[in-house]
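Data block below; observations after.
Computed from a predicted structure; not experimentally measured.
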Amino acid sequence: MRDLIDKLEKERHLERDEYSALIGAASPELYEYLSAKARDIRHRIYGHDVFIRGLIEFTNYCKNDCLYCGIRRSNKNAARYRLTKEEILSCCENGYSLGFRTFVLQGGEDPYYTDDRITDIVSEIKKRYPDCAVTLSIGEKSRESYQRYFDAGADRYLLRHETADALHYSKLHPPELTLENRMRCLRDLRETGYQVGCGFMVGSPYQTAEELAQDMVFIQDFRPDMVGIGPFIPQHDTPFAEMESGTAELTLFMLGLIRLALPNVLLPSTTALGTVDPLGREKGILAGANVVMPNLSPVSVRKKYLLYDNKICTGDEAAECRNCLQSRMKSIGYDIIVGRGDCAPDTIKNIKERSNQNVNL
Ligand code: 5AD
Ligand code: FES
């Protein structure tokens, strides 16, 4: 299996069956070998820098009903909230003073936030903080809507593909949500000019090494600017309440593979990883991740944005995730950087030219 890791390191590309063999063989020994390489390449491109994004969870209303998600519309026990424009701007003000230069507006698919409301919020943030990037993470929209947000100044868009296998996708989502539309959204986002992030859950119900291999193939072909991954964690009010969590170990292994396949990619060490392992976010950085996304939402709403159970950073003591993460990163020899933290240009010369013909878009 080490030869497959060597091959991925050299060619930035594996076939699907090679990925599934590698993922199926994941072990602590193989992880040591993989993560040393992933760390090394991350150090060559990004040094020991860690980028921060301030996450503002501005609404937990959602018209969708994803089976894994705690804010799905069928969850009658979710205490719903929306932040006003003023509340969002005050999160940004606080964030700016803490050194954030990227604000991520994340929410459920909430029809209250019409395109007019979103563009109004985005343009006000860009007017007040022209040196900052605004990232949207508000789900599936029409190409026209994506264009309007972009014209209002949004720079980046995160839309996890969740799984690149259509059958698996259909087991995680109600029938009205399709992988095809998800992929249409990702393609529209890229063509509109956004820096685009995709991503998936590790250990989601019914997932095997085959599905993860398909995620890797999709990612190496699509070449997103960012890839957000984290373990699946059951939420007690969803149909997947009794399913098992994904593991930190497999998530770390996948982070290493992604770093080797896309050396320049922005790779967050996620809150979900920090939830399944108290040192998960530190380990994620040591596996090749280079981004952390501290919570900037008002403490009063944090306990309501519960996509999964036992989420960290929701208590009063978590008011300043920024400083907490700063010391966590310091403890492993890394530094949080103030700045927009854009994706490094593709400077690695030995990436084999590949056609995008096989991309499942
Ligand atoms: N466990 C882990 N991650 C989840 N997400 C949603 N629900 C869960 C869960 N139960 C992730 C999805 C989504 C992102 C915002 O959070 O991948 O895209
Ligand atoms: Fe949120 Fe530590 S990062 S409290």
Check: So is Arg128 actually on top of Tyr96's ring, under 6.0 Å and inside 45° of the axis?
Finding: no
Is any side-chain heavy atom of [X] less than 4.5 Å from a side-chain heavy atom of [Y]?
X: Thr238; Y: Asn75; result: no
X: Thr251; Y: Asp277; result: no
X: Leu159; Y: Tyr146; result: yes
X: Met329; Y: Asp335; result: no
X: Tyr19; Y: Gln220; result: yes
X: Val265; Y: Ile258; result: yes

With no hydrogens and no angle check, is any side-chain donor or acceptor of [X] less than 3.5 Å from a backbone partner on [Y]?
X: Arg302; Y: Cys313; answer: yes
X: Tyr81; Y: Asn60; answer: no
X: Arg322; Y: Gly54; answer: no
X: Lys171; Y: Ala166; answer: no
X: Asn264; Y: Cys343; answer: no
X: Tyr157; Y: Gly139; answer: yes
X: Asn290; Y: Leu266; answer: no
X: Asp110; Y: Tyr112; answer: yes

Are a donor atom and an acceptor atom from the side chains of [X] and [Y] found within less than 3.5 Å of each other?
X: Ser297; Y: Asn295; result: yes
X: Glu87; Y: Ser90; result: no
X: His173; Y: Asn64; result: no

Check: Are more than 12 heavy atoms from other residues, nucleotides or ligands located less than 6.0 Å from atom CD of Glu242?
Finding: no
Margin query: Please determine whether residues Met293 and Met201 belong to a single hydrophobic cluster, defined as Ile, Leu, Val, Met, Phe, Trp and Tyr linked transitively by side-chain heavy-atom distances below 4.5 Å.
Written below: no
Can a salt bridge be assigned to the pair [X] and [Y] using a cut-off of 4.0 Å between side-chain N and carboxylate O?
X: Asp342; Y: Arg156; value: yes
X: Arg182; Y: Glu140; value: yes
X: Asp188; Y: Lys141; value: no
X: Asp6; Y: Arg2; value: no
X: Glu191; Y: Arg143; value: yes
X: Arg148; Y: Asp116; value: yes

What about [X] and [Y], are their ring centers closer than 6.0 Å?
X: Phe232; Y: Tyr68; result: no
X: Tyr113; Y: Phe58; result: yes
X: Tyr46; Y: Phe51; result: yes

Checklist line | Residue pair Cys91 / Leu83: nearest heavy atoms and the distance that separates them | finding: SG-CD1, 4.4 Å
Next item on the list: Return the minimal non-hydrogen interatomic distance between Met216 and Ala261, and the atom names on each side.
Entry: CE-CB, 4.1 Å
Next item on the list: Might you work through the side chain to side chain contact (heavy atoms under 4.5 Å, CB included) test for Gln207 and Asp215, ending with a clear yes or no?
Entry: CA-CA 11 Å; Gln207 183 187 63; Asp215 289 319; 4.1 Å; yes
